[in-house]
Amino acid sequence: MSLRLDWSNEQDKIEIPENMVDKLEQLLTLAGAAEGLTDGDVALTFTDDDGIHSLNREYRGIDRPTDVLSFAMQDDGVEELDIVFEVESEDEADPISGMLGDIIISVERAVAQSEEYGHSLERELGFLFVHGFLHLLGYDHEDEQAEAVMTAKQEEVLRQAGLTR
């Protein structure tokens with residue numbers, strides 16, 4: 001049992017640093033351990049501003065690009081449709097039962113933000129990934145208290161991974 005990262009790069013404007021996927025896998029393990037989570041799958045997609053803008057408009061009704069989007073598979077949202085998987089036999093597993101969800105990161109936005117905040121692209125991508133992961137687990141930042149909790153969790157995971165400002 002372990003946390004697994006499945007990633008794809010759907011943008012070709014900015015090269016993803018060679019060691020970035022290894023660092024993201026480390027962050028997934030650290031963030032999962034901090035939450036007592038040892039098993040599950042996370043799908044990560046790197047995209048550009050146009051790609052994330054389209055998703056943000058379609059799924060959130062916000063007509064602009066953003067830095068990261070998260071789509072939780074285990075979310076019990078009131079407006080969500082139940083996904084029913086019919087198995088042929090008792091030995092067949094539900095293919096989405098271990099899927100935590102999808103994280104989409106705009107690499108263009110990550111580059112701009114890393115320059116704006118004066119830290120590395122690796123740190124910004126790591127921050128956005130951990131931020132997205134915590135959203136998959138149900139964390140949000142709708143008020144100051146929730147934002148403080150989420151920020152503290154993010155910073156601790158990044159510190160453990162050596163991605164400080």
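Note that the numbering runs from 1 along the sequence shown for the chain. Note that this is a predicted model, so its numbers are computed, not measured.
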So do the side chains of [X] and [Y] get within less than 4.5 Å of each other, counting heavy atoms only?
X    : Y    : value
M20  : I16  : yes
H131 : H141 : yes
K13  : V111 : no
D49  : Q11  : no
L158 : L27  : yes
I103 : L69  : no
F133 : L37  : yes
H135 : M150 : yes

Mind checking the [atom1]-[atom2] spacing from [X] to [Y]? Nearest 0.5 Å is all I need.
X    : Y    : atom1 : atom2 : answer
S114 : L121 : OG    : CG    : 5.0 Å
T151 : F127 : OG1   : CZ    : 6.5 Å
S2   : L28  : OG    : CG    : 9.0 Å
S8   : D102 : OG    : CG    : 9.0 Å
Q113 : L125 : CD    : CG    : 10.0 Å
L5   : L44  : CG    : CG    : 5.5 Å

Show the nearest heavy-atom pair for residues A161 and K23, with the distance to one decimal.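 Closest approach of A161 to K23: O-NZ, 2.8 Å.
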Kindly give the heavy-atom pair with the smallest separation between A31 and V157, and that separation in Å.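 Answer, listing the atom of A31 first, then V157: CA-CG2, 3.8 Å.
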Shared hydrophobic cluster, [X] / [Y] (ILVMFWY, side-chain heavy atoms < 4.5 Å):
X    : Y    : answer
L3   : F71  : no
I104 : V21  : no
F46  : L55  : no
V42  : V107 : yes
I52  : V130 : no

Decide, yes or no, whether a salt bridge links E155 with R123 under the criterion of side-chain N to carboxylate O below 4.0 Å.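 Salt bridge present between E155 and R123.
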One thing to verify: whether R109 and D48 come together as a salt bridge, which I'm taking to mean a side-chain N less than 4.0 angstrom from a carboxylate O.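 Not counted as a salt bridge, because no side-chain N and carboxylate O are separated by less than 4.0 Å.
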Who are the side-chain hydrogen bond (donor to acceptor under 3.5 Å, both in side chains) partners of N56, not counting sequence neighbours?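 With neighbours one apart ignored, the set is R60.
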Please report the C-alpha distance between S106 and D67 in whole Å, then the side-chain angles of each, then the deciding distance to 0.1 Å, and finally whether the side-chain contact (heavy atoms from CB on, under 4.5 Å) criterion is met. CA-CA 5 Å; S106 169; D67 49 9; 5.7 Å; no
Using a 6.0 Å cut-off, check whether atom CD of Q145 has over 12 heavy atoms from anything other than its own residue.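 Atom CD in Q145 is not crowded, with 12 or fewer foreign heavy atoms closer than 6.0 Å.
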Taking everything shown except E18 itself, do over 12 heavy atoms lie less than 6.0 Å from its CD?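 No, CD of E18 has 12 or fewer neighbouring heavy atoms, counting only those of other groups under 6.0 Å.
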Run the numbers on Y117 and E124 for side-chain contact (heavy atoms from CB on, under 4.5 Å), then give the verdict. CA-CA 9 Å; Y117 300 135; E124 187 64 19; 3.8 Å; yes
How far apart are the C-alpha atoms of E122 and L163, what are their side-chain angles, what is the distance that settles it, and do they pass the side-chain contact (heavy atoms from CB on, under 4.5 Å) test? CA-CA 8 Å; E122 182 181 48; L163 291 177; 3.6 Å; yes
Given side-chain contact (heavy atoms from CB on, under 4.5 Å), test V68 with F129 step by step and report yes or no. CA-CA 8 Å; V68 62; F129 178 74; over 6 Å; no
Given 3.5 Å as the limit, does a donor-acceptor pair link the side chain of K153 with the main chain of A148, or not?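 Not a single qualifying donor-acceptor pair exists.
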So, does S54 use its side chain to make a donor-acceptor pair with the main chain of D50 at under 3.5 Å?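 Not a single qualifying donor-acceptor pair exists.
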Please name all residues satisfying salt bridge (Lys or Arg N to Asp or Glu O under 4.0 Å) with E115, sequence neighbours left out, ordered by chain then number.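 E115 satisfies salt bridge (Lys or Arg N to Asp or Glu O under 4.0 Å) with no residue once adjacent residues are dropped.
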Could you verify whether a donor N or O on one side chain and an acceptor N or O on the other, from Y139 and E35, lie under 3.5 Å apart?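 Per modelled atom types, Y139 and E35 side chains form a pair under 3.5 Å.
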